[in-house]
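Working notes for the structure below.
Just so you know, these numbers use all the heavy atoms, side chains as well, and skip hydrogens, waters and symmetry mates. Just so you know, these numbers come straight off a predicted model, no measurement behind them.
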Amino acid sequence: MKRNLEENIKTNLVISDLWINRIKQDCIDQKIFCAIRNNQLDFYHKGSRLFNFSSNGFKTHIKYASVIESNGNNYLTQDELKQYKLAADFISNYERIKENCSNYSGVEAKGVSEIYHRHSFMDRDKEIVVLDIEISIEAIDADKSQDRIDILLYNADERKLKFVEAKHYSNSEIWSKEDAKVINQIKRYESQIQLKKNEIVAEYNNYIEIANSMFSCKLPLITDIEEKVTLLVFGFDRDQQKGRLKELITNNEKFKDFRVYTKGNVSDIKLSQLWKA
């Protein structure tokens with residue numbers, strides 16, 4: 001799980017037209033979340049990866065970029081359609097590409113986006129921020145190549161990281177009268193964190209140094225990681241909270257040794273409460 005950027009990638013990003021004219025302001029306004037990878041930057045919008053940027057420049061998925069240039073009309077006849085052509089550049093069709101991107105996200109990914117679009121590490125006024133999302137760590141289990149954790153929070157005051165796994169109420173992995181699948185998933189993640197604690201701290205200190213230099217963030221370096229992973233369950237109503245959620249999760253002895261935070265409306269989550277779960 002490397003978190004490095006070659007100098008030429010940093011330089012080429014900040015002088016690129018798409019960054020200057022579209023993405024930079026959206027990152028500042030938290031409409032786009034920027035995640036630093038190994039010699040690549042991933043830009044997320046409403047649950048999907050809108051663009052990535054590497055030594056090859058910007059790329060997006062063909063299903064997002066497949067839009068036709070518009071003259072302002074929302075409806076076309078068949079004859080009018082024959083006269084149109086596919087969009088030829090990212091900048092002029094940026095909003096349409098973003099719209100397509102958002103239409104492909106699943107319910108959990110959209111829920112997670114409600115958190116990172118409000119609490120990005122680029123917001124200098126927040127004590128707790130989302131530092132990264134969709135974090136891939138080399139798996140311990142022989143039958144898995146990668147483990148992927150949904151959210152990485154950073155508490156700048158405590159200089160500490162915390163991982164969060166997010167599940168929508170409809171996800172079958174959280175439901176069982178015996179051992180729900182998510183329990184073994186969380187145990188696996190916690191084992192990963194314990195084994196690779198020093199590596200994780202080192203790589204995310206690289207991440208912070210890049211964020212501070214490229215985006216004028218003011219994040220202090222990390223000193224520690226919370227080894228317990230928080231399970232976030234969201235997307236339920238009041239009746240579901242008092243019924244199945246209470247019976248099989250919040251009052252379930254199987255979850256008693258786990259950090260669990262439940263919130264029906266994910267857009268109402270306060271990171272200070274999620275941190276203390």
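More than 12 heavy atoms of other shown residues, nucleotides or ligands fall within 6.0 angstrom of atom NZ in K98.
Salt bridge annotation for K263-D268: absent, with no cationic side-chain nitrogen under 4.0 angstrom from a carboxylate oxygen. Taking 4.0 Å as the cut-off between side-chain N and carboxylate O, R159 and D224 do not count as a salt-bridged pair. Salt bridge status for E165 with K167: present, with a side-chain N to carboxylate O gap under 4.0 Å. Ion pairing between K187 and D257 fails under the 4.0 Å rule for side-chain N and carboxylate O.
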Residues 234-242, side-chain donor-acceptor partners within the protein, below 3.5 Å, at least two apart:
from	atom 1	to	atom 2	distance (Å)
D237	OD1	D239	N	3.2
D237	OD1	Q240	N	2.7
Q240	OE1	D237	N	2.8

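For K228, the side-chain contact (heavy atoms from CB on, under 4.5 Å) partners two or more places apart in sequence, or in a different chain, are E190, E226, R259. Contacts of F53 classified as ring pair (Phe, Tyr, Trp, His ring centres under 6.0 Å), with partners at least two apart in sequence or in another chain: F58.
When all heavy atoms of F33 and V130 are compared, the pair lying nearest together is CE1-O, 3.5 Å. For I151 against V112, the heavy-atom pair with the smallest separation is CG1-CG1, 3.8 Å. In terms of heavy-atom proximity, S170 sits nearest to V107 at OG-CG1, 4.3 Å.
In this structure, K63 satisfies the cation-pi test against Y104, with its NZ or CZ atom closer than 6.0 Å to the six-membered ring centre and inside 45 degrees of the ring normal.
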Where do D132 and Y204 land on the side-chain hydrogen bond (donor to acceptor under 3.5 Å, both in side chains) test, with the steps shown first?
CA-CA 9 Å; D132 199 3; Y204 276 102; 2.5 Å; yes
Would you please test E114 and R118 for salt bridge (charged side-chain N to carboxylate O under 4.0 Å, His left out) and show each step?
CA-CA 7 Å; E114 289 283 342; R118 267 189 272 276; 2.5 Å; yes
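When side chains are defined from C-beta on, L131 does not count as touching Y116, because their heavy atoms never get closer than 4.5 Å.
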